[in-house]
Amino acid sequence: MTTSNLYIYDSLTRRLEKFTPATPPFAGLYVCGPTVYGDAHLGHARPAITFDLVFRYLKHLGYRVRYVRNITDVGHLEGDSDSGEDKITKKARLEQLEPMEVVQYYTDRYHDDMDSLNVQKPSIEPRASGHIIEQIEMVKAILNAGYAYEVDGSVYFDVRKYNEQHHYGKLSGRNVEEMMAGNRELEGQEEKRHPADFALWKKASPTHLMRWPSPWGEGFPGWHLECSAMSAKYLGKEFDIHGGGMDLLFPHHECEIAQSNATFGHDTVRYWMHNNMITINGQKMGKSLGNFITLREFFSGNHQELARAYSPMTIRFFILQAHYRSTLDFSNEALQAAEKGLQRLLQALETLDQLKPSDTSTTDAAGLADKCHAALQDDFNSPVAIAHLFDAVKTINAVRDRRETLSGEDLKKLRDTFRLFLVDIFGLTAEKDDLGQKDELLEELMELILELRKTARENKDWETADKLRDALQHMNITIKDSKDGSTWEINH
RNA sequence: GGUCUCGUGGCCGAGUGGCUAGGCGGUGGUCUGCAAAACCAUUUACAGCGGUUCGAAUCCGCUCGAGACCUCCA
């Protein structure tokens, strides 16, 4: 294994901590996945890409990583009330489908979106509905430990009791007493002994569709239980990294900590990582505000806020260009800037293959790997690593233009390093749809047209040459002339 | 109201005490039949006020502004 010096910002200690996995060379990573009752929006892309980077980089460092990302397919209640309808059921009713049809439909679409973004599949993608037994067992264990109570077919976590021996609120920086003061009156809370108590198991109302038998009657698991149960099942009672969006810090992850402590008597997570939010007009992009733009809308450009379509790779690069703990503000201008920047990097990747080695090097190319590693080992600072790649682009172009030279050895090193970080670790590649759109017939036709234009230009028949160029531009095809001839591409 | 975070040049976005972040845009140039593309060069910053320090974007205080969580949310 590569000796690493990886530091991760731990949300719990609020400091950079040196990453030392519990049982090297293994590393366990659990990330909260989506609730599948709607298309993924730009906000969903952030944790997916952030932890895809973590996954890829840990693997690169030589760890044997088990990455678990759940699918939440048990509908959580819309309100905190017994009478509330859950999100998936509501969607199912509106679309006249089985709840599980809704789940399947949006799970498939989520997978498609993640594939487009070149997000690697997790090692295990467990569904909450497939782990009802594990969740029931966990409720039992918490009841046995005395940290929960049953009321009329529902089981609640006893936060006040738990707080006597543990600190409920240590992750999100709050305490139970303070939370009392600011707590709002919500319906359906009469059963709880304390407003901060949360449901571990919820009795299903007669009309509730998603329901399972349990020792407490027909019902469904509580909001926070699935992640505790499934992370323990697949990663053990102590695992390395638990990730998710900052908005899950409270109450979701706070509750997970309480559940795990109640069940196992100790924390299960060694490092808590939280990605920040994507904002639009300075505000969080989210379901509740209704100001979200789905990934599919980005890819098609079909949304009021979008000046045009943006490719999946542009979205990916846009997200990687900011540090995961900073907010990232969406704008058309920023996305177009990202698109241009990415093109520059990808162009350099191609140029790199054409470079010829010299006897000696006039420029340093060896430092790139160290600099990029240093950036990533500093809490996955992808924007700094990317800045180093841009510096390397200058070198690559200089060698191409014969302003600098590289020895064979240095050239190989530069190629390997550049490709390693850009393609393997950041997952940035040329758009696949480029090739998809260029079918064979089109290729041949374009070759013919470019040949005709070349002849026209050689005969100084500028009228014909320009006519071809302009006509193609109208068809959304751009001709790019260079010394070595002309190339073409379809505009996005 | 409670807890917390942030405020960097036209835009996005790194940076936590002294050393050019980077990208995009703009401007100038090279190339080109012209244009585009590509490449090269280059421009402006640290919300305000006060303090600590030889020295602060970076530490402390205050003011102003924005946001997040406290209910489902990535």
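Quick note on labels: first sequence line is chain A, next is B, and so on, each numbered from 1.
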Which nucleotide, [options], lies nearest any side-chain atom of [X]?
X	options	value
A:D329	B:rA74, B:rG33, B:rG13	B:rG13
A:A465	B:rC72, B:rG33, B:rA74	B:rG33
A:R174	B:rG2, B:rC73, B:rA35	B:rG2
A:R453	B:rG33, B:rA74, B:rC11	B:rG33
A:M277	B:rA74, B:rC39, B:rC72	B:rA74
A:E333	B:rG10, B:rG22, B:rA74	B:rG10
A:R400	B:rG22, B:rA38, B:rG13	B:rA38
A:P383	B:rC4, B:rA74, B:rG13	B:rG13
A:A337	B:rU32, B:rC24, B:rC72	B:rC24
A:R403	B:rC70, B:rA74, B:rC39	B:rC39

>> How many whole angstroms separate atom CG of A:D73 from atom C1' of B:rC72?
In response: 17 Å
> In whole angstrom, what separates A:Q283's CD from B:rG67's C1'?
Replying inline: 9 Å
>> Using a distance-only criterion (donor-acceptor N/O pair, under 3.5 Å, no hydrogens), is the base of B:rG33 paired with the side chain of A:D466?
In response: yes
>> Ignoring hydrogens and geometry beyond distance, is the side chain of A:R469 in donor-acceptor contact with the base of B:rA35 at under 3.5 Å?
In response: yes
> Does A:K90 count as lying over the ring of A:Y37, i.e. NZ or CZ under 6.0 Å from the six-ring centre, within 45 degrees of the axis?
Replying inline: no
> Within 45 degrees of the axis of the six-membered ring of A:Y30 and under 6.0 Å from its centre: does A:R69 put its NZ or CZ there?
Replying inline: no
> If you find the nucleotide of RNA chain B closest to A:R14 and the one closest to A:I278, which residue's nucleotide is nearer the 5' end?
Replying inline: A:R14
> Mind checking who B:rU27 pairs with, Watson-Crick or G-U wobble, both distances under 3.5 Å?
Replying inline: B:rA41
> Is the CD atom of A:Q354 crowded by more than 12 outside heavy atoms at less than 6.0 Å?
Replying inline: yes
Does [X] put a side-chain nitrogen or oxygen below 4.0 Å from OP1 or OP2 of [N]?
X	N	result
A:K340	B:rG25	yes
A:K91	B:rC72	no
A:R46	B:rC73	no

> Are A:F330 and A:F292 near enough that their ring centres are under 6.0 Å apart?
Replying inline: no
>> For a salt bridge (charged side-chain N to carboxylate O under 4.0 Å, His left out) check, start with the C-alpha distance between A:K121 and A:D115, then their side-chain angles and the critical distance, and finish with the verdict.
In response: CA-CA 8 Å; A:K121 295 180 196 309; A:D115 287 347; 3.1 Å; yes
